[in-house]
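Report on the structure given below.
Just so you know, ligand 1 is whichever comes first in the structure, and atom 1 is the first atom listed for that ligand. Just so it is clear, the structure is predicted and the values come from calculations on it, not from any experiment. The analysis underlying the following values was restricted to heavy atoms, covering all of them including side chains, and did not include hydrogens, waters or symmetry mates.
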Amino acid sequence: MCGIVGYTGEKQAAPILLDGLKRLEYRGYDSAGLAVRDGRALAEVVKATGKLYHLADKTDMGRSLPGTCGIGHTRWATHGDPSLVNAHPHVSGNCSGSGSGKVESDVVGVHNGIIENYGELKEKLMRHGYRFYSDTDTEVVVKLVDYYYKKYKIGPVDAITRTMVRVRGSYALALMFKDYPDEIFAARKDSPLIIGTAENAAFLASDVPAILKYTRSVYYIGNLQVARLSPGSVKCYDLNGDEITLPLTEITWDAEAAEKGGYEHFMLKEIHEQPAAVRDTLNSLVRNGKIDLTSSGITDDMLLSLSQIIITACGSAWHVGMAAQYVIEDMAGVPVRVELASEFRYRSLPMDRSTLVIVISQSGETADSLAALRLAKEKGAETLAVVNVVGSTIAREADHVLYTLAGPEIAVATTKAYSAQLIALDALAVQMAMVKGTASAEQYGHLIEEMASIPEKIARVLEDKERLQWFSSKIANAHDIFFIGRGLDYAISLEGSLKMKEISYIHSEAYAAGELKHGTISLIEKNTLVIGVLTQSRMIEKTVSNMAECKSRGAYLMGITTNGDFSVEDSVNFTVYIPRTDEHFVSSLAVVPLQLLGYYTSVNRGLDVDKPRNLAKSVTVE
Ligand code: F6R
């Protein structure tokens, strides 16, 4: 996830671009850059690492970059570290530096998205004499456009559509061509892009807030469409290069609502981004119907030689480890232990080269997780980081990195990063099962297909959110909530309970269902809410009996179960159904109603959902 902006008109472009990027910073903030041109002059490119204010300082708030046509970018790294050389814009020329300064190139561009076949395209372009200065997929696209532009000499729209036919993946692209001084060309597939129009000006952006200050008249450019922007004029084309007419839409949102994509809170937006986060993460790990972990450096031989796995993390990331423990052990028969990172150093865990220590972290900066990683390395274990923020400390220090592609997460309570971590570990488990021979080729193929169906199933769970909204209004005054389950359902209960307590401030606990009767059941009173997670068919009956024990002591019951299993409905007061899937992957679905329940309960209590009290997004102290 990155943010792109563009402006062409009569005003100075750089301050407008910086202002737009500021409103897109939630989409990425590891580096930023601008390319601006003044009439026939060459485009000047300026980039800076870190937050946007570094770029603003470097350009004197845009004043040192004269010109009335330009494009800008704020980056969330997916390919290549968050460095100056990888920051956008990227250029088509064979320059030796980072592509900054006055650039001779015919094409300059910014991109949001992921080009899946960039490796093969890069090789092709290298055979044609192109040299690359960055590790990004974007530089490959810009150079591919340049290649077609020069080969066919028909013009920018033709070069762009040829490129679109050739690339696989997602993109919102904004490009400037040396021969077209005050024009910007844009293209889109599966990444957001809007085009704004005003008198003698045109704008483009990944999202509405970036341009709302200047115009409310926008075109929503469709998948596989191209736009050509010049001051006061926007033309759109289909993949054949034929001009098309798009409806002009008037934006009615206020600026704050627009930043959250129309959602009331970032948390709700991020809950809805889960299908995309899971799909993107899975797609980055599957090639030609097989799991491919080469990007992380984990080989099949390495997986085969493992004697044990230790997963360590904090909070929700630790809950992912708890779920993965059941999946890996059941699928691949490899012993897994899960340790809280803050406790890791106080254990004398035996480990050696045949131990894989997996550190899970959204931020990649959590102090306890980092300390655990360092200790594991000291003890000689092989280490793998499952991290969302590219180039973060944990990612840099681990022997291997498996990136989740959830994009920036703004709400303090994690949702989409959790789901992306879960699918990454599921993919690892499936690959281990294949390598260890505990899954046949047929089962392996089936498991991959099942994982691929998860995003669409999450979307279906989200369609039922109104029922949870209604239910949460009934429980908003609860004092205590208990989440119970067995096996994987226990792991999901842990996350459900944390989501509830951290944003609603209602005391909640997660218990392995069978453990309640060993003490905690004394806390059950009239109307205490007990939520049972009931997705593992061989354990449902037992957990339902544990819930019945609570009911006979006055508890009010909610159950989450799989569609088609209507027996649960007879035993509980409120049932939530999730789509059927292979039971190993059910956590990805069952967690969603629990996230929504926590969210709506917090809203009903009038609390600050995105920034709960006493918490920080990234915990960098031990
Ligand atoms: C809870 C939550 C935290 C984090 C934990 C680890 O919603 O977000 O429990 O999961 O602080 O953070 P990372 O994943 O950044 O290491």
Side-chain angles (χ1 to χ4, degrees), residues 29-30 76 265-268 270-271 273-274 277 281 311-324 338-344 357-374 376 383-398 401-425 483 491-506 508 510 587 591-592 594-599 601-602 607-622:
Y29 39 73
D30 64 46
W76 177 260
H265 299 99
F266 279 111
M267 183 177 175
L268 190 60
E270 287 159 9
I271 288 174
E273 283 170 351
Q274 290 181 109
T281 302
I311 303 179
T312 185
C314 301
S316 294
W318 178 75
H319 298 158
V320 171
M322 289 295 285
V338 188
E339 296 297 333
L340 289 165
S342 54
E343 289 291 313
F344 190 87
V357 172
I358 305 179
V359 181
I360 308 173
S361 175
Q362 186 284 129
S363 61
E365 301 295 346
T366 302
D368 288 319
S369 307
L370 180 60
L373 168 71
R374 287 178 177 160
T383 57
L384 167 69
V386 178
V387 169
N388 196 41
V389 178
V390 175
S392 54
T393 313
I394 291 175
R396 278 187 276 116
E397 293 197 14
V401 190
L402 220 157
Y403 282 115
T404 50
L405 298 181
E409 203 174 49
I410 308 294
V412 165
T414 184
T415 52
K416 61 175 179 168
Y418 169 93
S419 290
Q421 289 161 354
L422 213 50
I423 202 79
L425 280 138
F483 292 75
I492 304 164
S493 300
L494 287 166
E495 180 60 5
S497 169
L498 182 60
K499 286 288 92 81
M500 179 58 76
K501 74 181 106 185
E502 68 180 329
I503 53 174
S504 77
Y505 314 151
I506 294 176
S508 78
S587 334
V591 76
V592 179
L594 297 177
Q595 296 167 339
L596 288 166
L597 198 65
Y599 169 77
T601 307
S602 175
L607 300 172
D608 189 347
V609 179
D610 286 335
K611 290 197 193 79
R613 68 185 179 202
N614 309 338
L615 294 177
K617 184 68 186 160
S618 176
V619 185
T620 51
V621 289
E622 287 184 29

How would you list, by chain and number, every residue that makes a side chain to side chain contact (heavy atoms under 4.5 Å, CB included) with A323, sequence neighbours excluded? L422, L488, A491, S587
Distance alone, cut at 3.5 Å: any donor-acceptor contact between the side chains of Q274 and S419? yes
Heavy-atom count check: over 12 atoms from other residues, nucleotides or ligands less than 6.0 Å from K611 NZ? no
Examine the side chains of E495 and S316 and answer whether a donor and an acceptor come within less than 3.5 Å of each other. yes
Near ligand 1, which protein residues have a heavy atom under 4.0 Å away? C314, G315, S316, A317, S361, Q362, S363, T366, V412, A413, T414, L498, K499, E502
Not counting sequence neighbours, which residues clear side chain to side chain contact (heavy atoms under 4.5 Å, CB included) with A395? List them please. V387, S392, V401, Y403
For S342, which residues count as a side chain to side chain donor-acceptor pair (under 3.5 Å) partner, sequence neighbours excluded? none
